[in-house]
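In what follows, a structure is listed as structure tokens, so that the remarks can point back to it.
The residues of the chain are indexed from 1 along the displayed sequence.
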Amino acid sequence: MKKEYKTEEEFLKDYDPKAFDQLSMTSDILLISVSDQEQTNYRKTSKKMMSVLLVKRDDYPFKDKWCLPGGFLNPKTETLEECAKRVLKTETNLSNIYLEQLYTYDAIDRDPRTRVVSTTYIALIDKNKLTEMINPNASWFDIVLLEEKNKVVDITLDNGKDTIHLSIKKELREKTTDRYRFIAVKNDALAFDHALVILAGIERVRNKINYTDIVFNMMPEYFTLGELQQVYEVILNKKLLDPAFRRIIANKVVKTNKMKTGEGHRPSALFKYKGK
């Protein structure tokens, strides 16, 4: 017979938390950078590359595989965002980075140890503007291939030593909202379901670039329109016609009286983000 309680205090006194199935929660962080690639010829315009930050695991499960920075939540002392910031500092030595929630991943078999639900966070930054040095087991991987054919996205990541190949199938989940479910078809080096997180993050940034000013998180205070256009093109993974691009950024930037010189080509006018 179900016991009747007169007060909440009386109920809590008898409450047994072990009566419910337990699960663990983690915060995982996807850092995406669009930055200048190293350039040996000063006469050439620096090429922009999109990169993601990965950490090599030193323990099982998935020992020696790469993954996103992440760790377990302390349920008594932390919020999920506090956990993400702590883990980011511990695993990469990076701090003071604005994080935004991406998605929650709750597949039953996503972690072989126990039932783990992960809330992922995303940040868009310029890695060249970071003041902290990343830890030795963390590395920036350039996205050297990002190609979609027949709803299968091929991604190749490279850090100069290791190359990671991913193939992810996009399966339409909701036709009215154009939402997709991602399924890993090929993943030779990433732990957990982090291949899906990377693609989800890239698609989130692509969507946000059309209706927010998120791209300016990666821009210096002063920049040329050519540099800004490169960032848009790298994120969208397509070439933009100059007139179309000018319309996109017309109300977002203001021309300054400064010029960019000394790179082996004609001086260019420098612009500034209106929101700053």
Side-chain angles (χ1 to χ4, degrees), residues 23-34 48-57 60-70 99-124 139-159 162-211 214 232-240:
L23 60 79
S24 295
M25 298 197 69
T26 62
S27 291
D28 294 316
I29 306 102
L30 172 61
L31 294 185
I32 296 179
S33 169
V34 178
K48 302 286 185 184
M49 292 290 293
M50 187 187 294
S51 311
V52 297
L53 186 69
L54 300 177
V55 176
K56 178 167 276 192
R57 290 183 58 79
Y60 295 104
F62 304 110
K63 190 177 187 315
D64 297 326
K65 287 185 177 286
W66 292 95
C67 68
L68 299 174
L99 299 173
E100 180 179 307
Q101 275 198 26
L102 178 61
Y103 291 115
T104 295
Y105 291 83
D106 62 353
I108 294 173
D109 59 352
R110 64 177 304 275
D111 191 310
R113 292 168 292 189
T114 186
R115 182 73 192 276
V116 177
V117 174
S118 173
T119 298
T120 58
Y121 288 82
I122 184 172
L124 197 60
S139 179
W140 286 101
F141 279 74
D142 289 337
I143 301 176
V144 296
L145 175 69
L146 181 59
E147 190 174 79
E148 181 175 339
K149 293 180 179 178
N150 299 320
K151 299 301 180 187
V152 175
V153 181
D154 291 321
I155 303 174
T156 300
L157 309 173
D158 191 280
N159 70 348
D162 295 335
T163 303
I164 299 173
H165 300 286
L166 309 170
S167 289
I168 303 165
K169 182 179 179 182
K170 296 173 62 176
E171 188 176 90
L172 189 62
R173 183 169 58 181
E174 294 179 12
K175 190 173 182 180
T176 54
T177 56
D178 198 30
R179 293 180 63 189
Y180 288 87
R181 177 185 294 108
F182 299 149
I183 303 167
V185 178
K186 179 181 181 181
N187 175 15
D188 57 8
L190 278 187
F192 308 106
D193 50 7
H194 291 178
L196 311 184
V197 179
I198 290 174
L199 179 57
I202 291 171
E203 297 218 335
R204 168 72 67 85
V205 171
R206 283 179 173 177
N207 290 333
K208 292 197 73 168
I209 202 175
N210 292 319
Y211 65 87
I214 190 173
Y232 270 84
E233 290 175 344
V234 168
I235 293 173
L236 296 172
N237 199 32
K238 66 179 181 180
K239 182 70 177 174
L240 296 174

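- Nearest approach of Asn187 to Leu166, heavy atoms of both residues: OD1-CD2, 3.3 Å.
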| task | Go through the steps for Asn159 and Trp140 under the test side-chain hydrogen bond (donor to acceptor under 3.5 Å, both in side chains), then give the verdict. | result | CA-CA 6 Å; Asn159 70 348; Trp140 286 101; over 6 Å; no
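- A cation-pi arrangement is present between Arg204 and Tyr103 under the rule of less than 6.0 angstrom and at most 45 degrees off the ring axis.
- Side-chain atoms of Ile198 and Leu157, non-hydrogen and from C-beta on, do get closer than 4.5 Å to each other.
- Residues Ile29 and Leu68 form no side-chain contact, since every pair of their non-hydrogen atoms from C-beta on lies 4.5 Å or further apart.
- In plain terms, the two heavy atoms of Leu236 and Ile209 that are nearest each other are CD2-CG2, 3.7 Å.
- With contacts defined as side-chain heavy-atom distances shorter than 4.5 Å, the pair Arg57/Lys63 does not qualify.
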| query | Between Lys169 and Val153, is a side-chain contact (heavy atoms from CB on, under 4.5 Å) present by the stated rule, with each step listed? | reply | CA-CA 6 Å; Lys169 182 179 179 182; Val153 181; over 6 Å; no
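- A distance of 15.5 Å separates NZ of Lys56 from CZ of Phe62, quoted to the nearest 0.5 Å.
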| task | Determine, stepwise, if the pair Gln101 / Thr119 fulfils side-chain contact (heavy atoms from CB on, under 4.5 Å). | result | CA-CA 7 Å; Gln101 275 198 26; Thr119 298; 3.8 Å; yes
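- A donor-acceptor pair under 3.5 Å is absent between the side-chain atoms of Asp158 and the main chain of Ile164, judged by distance alone.
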| said: Let's go through Tyr105 and Phe192 carefully: what are the C-alpha distance in whole Å and the side-chain angles of both, what is the deciding distance for side-chain contact (heavy atoms from CB on, under 4.5 Å) to 0.1 Å, and is it a yes or a no? | reply: CA-CA 11 Å; Tyr105 291 83; Phe192 308 106; over 6 Å; no
| task | Tell me, with the steps shown, if Asp106 and Arg110 meet side-chain contact (heavy atoms from CB on, under 4.5 Å). | result | CA-CA 7 Å; Asp106 62 353; Arg110 64 177 304 275; 5.8 Å; no
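- A salt bridge between Lys208 and Glu100 is present, with a side-chain N of the basic residue lying under 4.0 Å from a carboxylate O of the acidic one.
- In terms of heavy atoms, Ala184 sits closest to Leu196 at N-CD2, 3.7 Å.
- A salt bridge does not link Glu233 with Lys48: every distance from a Lys NZ or Arg NE/NH1/NH2 to an Asp or Glu carboxylate oxygen is 4.0 Å or more.
- Residues His165 and Thr156 share a closest heavy-atom pair of ND1-OG1, 3.4 Å.
- The closest side-chain donor-acceptor pair between Asp28 and Thr120, if any, does not fall under 3.5 angstrom.
- Taking CD1 of Ile168 as the reference point, atom NZ of Lys151 lies at 14.5 Å (rounded to 0.5 Å).
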